[in-house]
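What follows is one structure encoded as structure tokens, with my remarks underneath.
Whatever order the structure lists ligands and atoms in, that order sets their numbers, starting from 1.
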Amino acid sequence: MKADAYGLGAARIGPVLAGLGCRDFFFAHLAEALALKQLLPLDCRLFVLNGLAPGYEAVCANEGIFPVLSTPEQALAWAALARQMGRILPAALQVDTGMSRLGLSEAELDDILTSPDYSGSVAHQLLMTHMACADDPQAPANASQIECFHRFASRLPEVPSSLANSAAVLSLPKAAGHVLRPGLALYGIAPGGYMGADLEPAISLEARVIQIRQIEAGTGVGYGLDYIAPGPRRIATISAGYADGWPRALSGRGAAVWFRDHRLPLVGRVSMDSCTVDITDIAESQIRPGDTVELIGQHQTVTSLAQILATTPHEVLTMLGNRFARTYIDQPPMGAKETPK
Ligand SMILES: *Cc1c(COP(=O)(O)O)cnc(C)c1O
């Protein structure tokens, strides 16, 4: 659910997942978990991946949110609050099995588990780790991280385990554990290297044509006049730009938008609120201001955009800005006045 469910709208997607039976939800920040809590069934567990922020321990405990404890300081702060409240507080423990990002080392885990300040104060919901190379099933790091995780898990044999992001869910059965943590795959997008995964993309993105013009050979288009028409061209201006998460870095890299089955190459630089495409191949009567074009859909996937931008599909999704009206097909927006772009 982190980053507003990858930019797609946690408030709409969380309840749908809960309706399908999901009971464990992962957020990056406490504020994200708090915002969704009242929209989820009471028996859901909400975990905060980025852990316990100093000063927010009591809010976290009072709201029934489960921190993912990744440092001895966080673990001891949570245990101290538990004792102060005269309760046993629930949390997940995260261990570092080789990614060097978040999580306790083996020595740190041993220290807290044997510390009288900690033991008996925290109810361990999950023992977690994160895989660095799951999108490359051949990477030797996968086996070594899983093996390392088993060493950690032997200290807490009764605690359910959780290791797998989407890539690991799809390719590393040994990393399945008890609780899976797919993000990207929930939205029908296969992580790098899984083009064959049988997933149906859940999202599409459209924007409107706002102006059409004919230009002559030698005419420049857009900031810097980077594109100079090599002959007569018809240019359409599309109502999406980098402030919408349609990045300026797409300029000059062979990206396009689609109108029905026509590929319309981007020409000139992407501006803040608009971009320009070459529609010369489409008959004049076929496309008009007000028509919508596909930015993401069956012709141009999130994955292909990520390749053009040399990034991950996660980043493409989380960049999409709030100016795009989001329409949910299974539940039409209620009360929300649609402001199509
Ligand atoms: C974001 C995240 C995931 C989900 O990753 P995907 O690649 O989107 O499946 C799983 N676990 C942790 C700890 C994460 O931060």
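Counting only heavy atoms of the protein, atom 15 (O) of ligand 1 lies nearest to K2 NZ, 2.5 Å. Among all non-hydrogen protein atoms, the one lying nearest atom 10 (C) of ligand 1 is R181 O, 3.3 Å. Residue, atom and distance of the protein heavy atom nearest to atom 8 (O) of ligand 1 are Y6 OH, 2.5 Å. Scanning the protein for heavy atoms near atom 7 (O) of ligand 1, the closest one is H314 NE2, 2.8 Å.
Around atom CD of E284, no more than 12 heavy atoms belonging to other residues, nucleotides or ligands sit under 6.0 Å away. For Y56, the OH atom sits in a loose shell: 12 or fewer heavy atoms of surrounding residues, nucleotides or ligands are nearer than 6.0 Å.
In the model, D96 has no side-chain atom that pairs as donor or acceptor with a side-chain atom of H130 under 3.5 Å. Looking only at atom types and distance, the side chain of Q211 has no donor-acceptor partner in the side chain of T237 under 3.5 Å away.
For ligand 1, the polar-atom distance check finds no N/O of A167 at less than 3.5 Å from any of the ligand's N/O atoms. Residue-to-ligand polar distances keep Q94 apart from ligand 1: every N/O pair is separated by 3.5 Å or more.
With a heavy-atom cut-off of 4.0 Å, H130 touches ligand 1 through its side chain alone. By the criterion of a heavy-atom distance under 4.0 Å, neither the backbone nor the side chain of F26 is placed next to ligand 1. Using a 4.0 Å cut-off between heavy atoms, V169 makes no contact with ligand 1 at all. At a 4.0 Å heavy-atom cut-off, ligand 1 touches S166 through backbone and side chain alike.
Closest of all the heavy-atom pairs between A240 and L295 is CB-CD1, 3.8 Å.
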Working for salt bridge (charged side-chain N to carboxylate O under 4.0 Å, His left out), residues R208 and D291: CA-CA 6 Å; R208 281 189 197 282; D291 285 339; over 6 Å; no
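Salt bridge present: R323 and D273 bring a charged side-chain N and a carboxylate O closer than 4.0 Å. With respect to the salt-bridge test (charged N to carboxylate O, under 4.0 angstrom), the residues R155 and D110 qualify. Checked for salt-bridge contact, R233 and E216 miss the test: no charged N lies under 4.0 Å from a carboxylate O. The existence of a salt bridge linking K2 and E32 is excluded, since no basic side-chain nitrogen approaches an acidic carboxylate oxygen closer than 4.0 Å.
Close approach of ligand 1 to L184 (heavy-atom distance below 4.0 Å) involves ligand atoms 6 (P), 8 (O), 9 (O). Remark: ligand 1 atoms within the under-4.0 Å shell around heavy atoms of P182 are 9 (O). In the vicinity of L49, heavy-atom distances shorter than 4.0 Å reach the ligand 1 atoms 13 (C), 14 (C), 15 (O).
Using a 4.0 Å cutoff on heavy atoms, A185 does not count as a contact of ligand 1. The shortest heavy-atom distance from R101 to ligand 1 is under 4.0 Å.
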